There are 2 protein chains.
Amino acid sequence: MKKKITIKEIAKILMVSVSTVSKAMNDSPEISEKTKKKVKELAKFYGYVPNHIAVSLKNQSTFNIGVIIPDIQNSFLAEVLKNIEVHAKKNGYRIITFFTGEKLKEERESLNILSNGMVEGIIVCPSEETFVERQFEHFKNIAETTPIVTFDRLHKELNFNSVSVDDDQSILKACDHFQSTDAKNILFVSSIGWLSVGKTRRRTFTGFIENNTSVTGETIEEHDLDELRKKIEARITDDSQPNIDAILGADIESTSIASASISRNKLKFIDEISLIGYVNKKQNELQFPRVSYINQYPEKVGEKAVELLISNLKQDQKKITQEIIKTEIVKKDTSK
Amino acid sequence: MKKKITIKEIAKILMVSVSTVSKAMNDSPEISEKTKKKVKELAKFYGYVPNHIAVSLKNQSTFNIGVIIPDIQNSFLAEVLKNIEVHAKKNGYRIITFFTGEKLKEERESLNILSNGMVEGIIVCPSEETFVERQFEHFKNIAETTPIVTFDRLHKELNFNSVSVDDDQSILKACDHFQSTDAKNILFVSSIGWLSVGKTRRRTFTGFIENNTSVTGETIEEHDLDELRKKIEARITDDSQPNIDAILGADIESTSIASASISRNKLKFIDEISLIGYVNKKQNELQFPRVSYINQYPEKVGEKAVELLISNLKQDQKKITQEIIKTEIVKKDTSK
DNA sequence: CTGTTAGCGCGTTCAT
DNA sequence: ATGAACGCGCTAACAG
């Protein structure tokens with residue numbers, strides 16, 4: 001493998017000083033056009049490019065942004081990540097991505113590594129285990145020296161700039177929508193009951209049911225997806241119990257399973273049973289039926305996260321901004 | 001924002017030299033236990049961690065691997081990426097990810113940035129535009145100083161270690177499977193006719209048809225997904241033409257659309273029409289029907305790519321390894 | 001216009 | 001057992 005050429009070697013070849021080369025490469029007005037041309041030609045010839053590590057050390061700035069997310073397979077997170085990358089690039093930043101697999105230990109390590117001067121700020125979606133274990137110290141420690149923006153998942157201990165989605169509102173909107181289209185008995189299905197966001201969504205749902213006399217509600221929570229499918233199918237085909245005329249999916253998986261269960265048992269969407277939930281948007285457009293869904297606007301989340309971080313980078317701000325993205329019910333084929 | 005503490009400041013506080021602190025932190029046998037303890041305690045107290053940029057510059061090694069992929073929304077690429085990250089981490093490397101959006105310009109820029117000392121090697125899935133424009137010089141230039149491993153997409157000009165999937169074989173396997181289950185007229189659908197991999201898949205299909213008298217074949221290629229859907233639906237419901245009894249999807253999108261089209265028009269899977277194609281595996285498991293698919297084993301691709309790169313990093317190897325991952329038809333609900 | 005020098009943070013001889 | 005000095009590649013303040 002050929003060694004990369006440095007400024008020093010170019011200087012030697014041209015019999016000038018390293019600073020002349022450096023200035024020429026950076027188009028300093030101090031250098032004559034003739035010299036600039038000579039230097040640049042040779043640089044191009046040897047494929048010279050400034051060593052980013054050295055520049056970072058010298059300038060004390062890396063133009064890297066760290067991103068930590070629990071799972072790339074989650075289509076919402078993947079879409080947020082993509083938009084983070086796009087907007088970071090637009091602002092001249094690169095991203096360094098770590099995946100935690102929802103593990104606290106991985107999260108701690110990622111934060112440590114990234115804060116060692118590798119990046120100027122960190123955008124992070126805290127892992128589930130972090131919430132379960134209620135461990136937030138590692139965030140606070142890092143935040144003393146490195147700006148942090150969190151997204152998607154909130155906690156009162158996480159006192160940073162953040163972008164999240166109005167989860168309560170979206171569940172309520174779906175419930176309201178069902179109620180206004182005359183649903184009588186809503187089934188809430190979830191494969192993320194163990195996850196904090198799953199708990200919030202369930203609580204919001206049960207709260208709605210308790211405060212409304214015109215609708216009743218039931219809940220199926222099951223982490224094992226195949227079990228979940230069985231339970232849902234058993235319930236919606238059970239004639240001995242009150243009829244389910246609407247299903248609310250608390251996450252992408254349970255919504256998919258609910259849709260498949262309805263199709264497999266040949267129930268008629270809308271006429272017999274409606275469905276609203278969370279989906280993989282891109283995939284949903286191609287399917288039949290396309291499920292009516294709660295749009296969480298991952299593009300906005302990603303863009304806003306970058307925006308908050310960069311403004312924080314540019315000036316040491318004191319006030320914390322907790323941005324909340326409004327969600328929206330998008331009607332497709334499975335609901336009125 | 002608090003400034004990060006350096007070795008220098010710790011040295012000053014402890015009234016020792018920087019080299020003593022450095023050695024103590026790295027458990028050098030030259031340093032007494034007493035001093036080590038003193039240094040480490042203070043370091044911990046101040047949350048000291050060595051500056052990664054400085055260490056990288058000093059050691060001329062970053063322990064970073066660059067990854068360049070066209071699109072994170074592609075579930076195959078996303079799964080490969082995830083596995084690259086996992087295996088990189090397992091070997092003590094971090095990954096820096098860039099997305100090209102299938103653009104040549106973005107690919108060039110990404111390669112340039114990454115090869116400026118940021119990473120020790122690069123794993124890249126070349127963008128589509130690169131193939132269309134037949135531009136491979138930028139790879140060759142970078143490869144002189146930085147080890148490169150390509151994956152998924154091959155070209156004879158790309159003379160690097162690579163991991164790919166036996167695309168021809170997988171299409172042939174699907175065709176064979178249809179033939180052996182008595183399909184008479186196979187429809188090949190594709191939304192990626194413009195993509196090199198799409199062309200290969202189509203050629204393989206038409207080649208199969210030409211060499212087999214017992215089956216006939218048709219092709220629908222359409223980049224606009226809604227148009228594609230219309231064309232597929234029109235064709236499979238057109239009684240004036242020969243009956244289509246099998247569909248082969250050339251990519252995830254067209255396969256999804258084909259499945260949805262069949263469902264929407266209430267054709268019976270297997271009895272009336274079969275379907276095999278590429279899918280988002282995770283999503284496919286939750287759907288009804290689950291589409292019979294070609295498994296490309298993204299886990300293996302990711303793992304192998306990291307393996308090839310790291311072995312290349314460890315010793316300057318001369319022989320090029322072009323790994324090919326065997327695919328497999330996985331029978332689900334849409335085919336015999 | 002060009003060169004010399006210092007220093008970013010760290011690890012590593014080589015002295016002491 | 002500890003410290004002084006150098007250099008990784010680069011930029012910038014200061015001289016000339």
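Predicted model, so just to flag it, every value in this text is computed and none were measured. In what follows, every chain begins at residue 1, and chains take the letters A, B, ... in the order their sequences are listed.
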Which one, C:dG9, C:dT4, D:dC14, comes nearest to the side chain of A:Ser19?
C:dT4
Separation of atom CG in A:Asn26 from atom C1' in C:dT2, rounded to whole Å:
16 Å
Which of parallel (below 30°), tilted (30 to 60°) and perpendicular (above 60°) describes B:Phe136 and B:Phe131?
perpendicular
In whole Å, what is the span from the NZ atom of A:Lys23 to the C1' atom of D:dA12?
8 Å
Between B:Thr35 and D:dT2, does any side-chain N or O lie under 4.0 Å from OP1 or OP2?
yes
Using whole Å, what does the distance between atom C1' of nucleotide C:dG11 and atom CG of A:Leu57 come to?
13 Å
Return no unless some side-chain N or O of A:Gln60 is found under 4.0 Å from OP1 or OP2 of C:dG7.
no
Hey, which of these two, A:Lys8 or A:Glu30, hits DNA chain D nearer its 5' end, going by closest nucleotide?
A:Lys8
Using a cut-off of strictly less than 4.0 Å, decide whether A:Thr20 has a side-chain nitrogen or oxygen near OP1 or OP2 of C:dT2.
no
Nearest heavy atoms of A:Glu120 and A:Thr146, plus distance in Å:
O-CG2, 3.9 Å
Interatomic distance where CD1 belongs to A:Ile31 and C1' belongs to D:dG16 [whole Å]:
14 Å
Could you check how far CD1 of B:Ile7 sits from P of D:dA4, rounded to whole Å?
15 Å
Considering only heavy atoms from C-beta outward, does the side chain of B:Asp71 approach that of B:Phe99 to under 4.5 Å?
no
Starting from C1' on D:dG9, measure out to NZ on B:Lys58 and report it in whole angstrom.
12 Å
D:dT2 OP1/OP2 closer than 4.0 Å to side-chain N/O of B:Ser32
yes
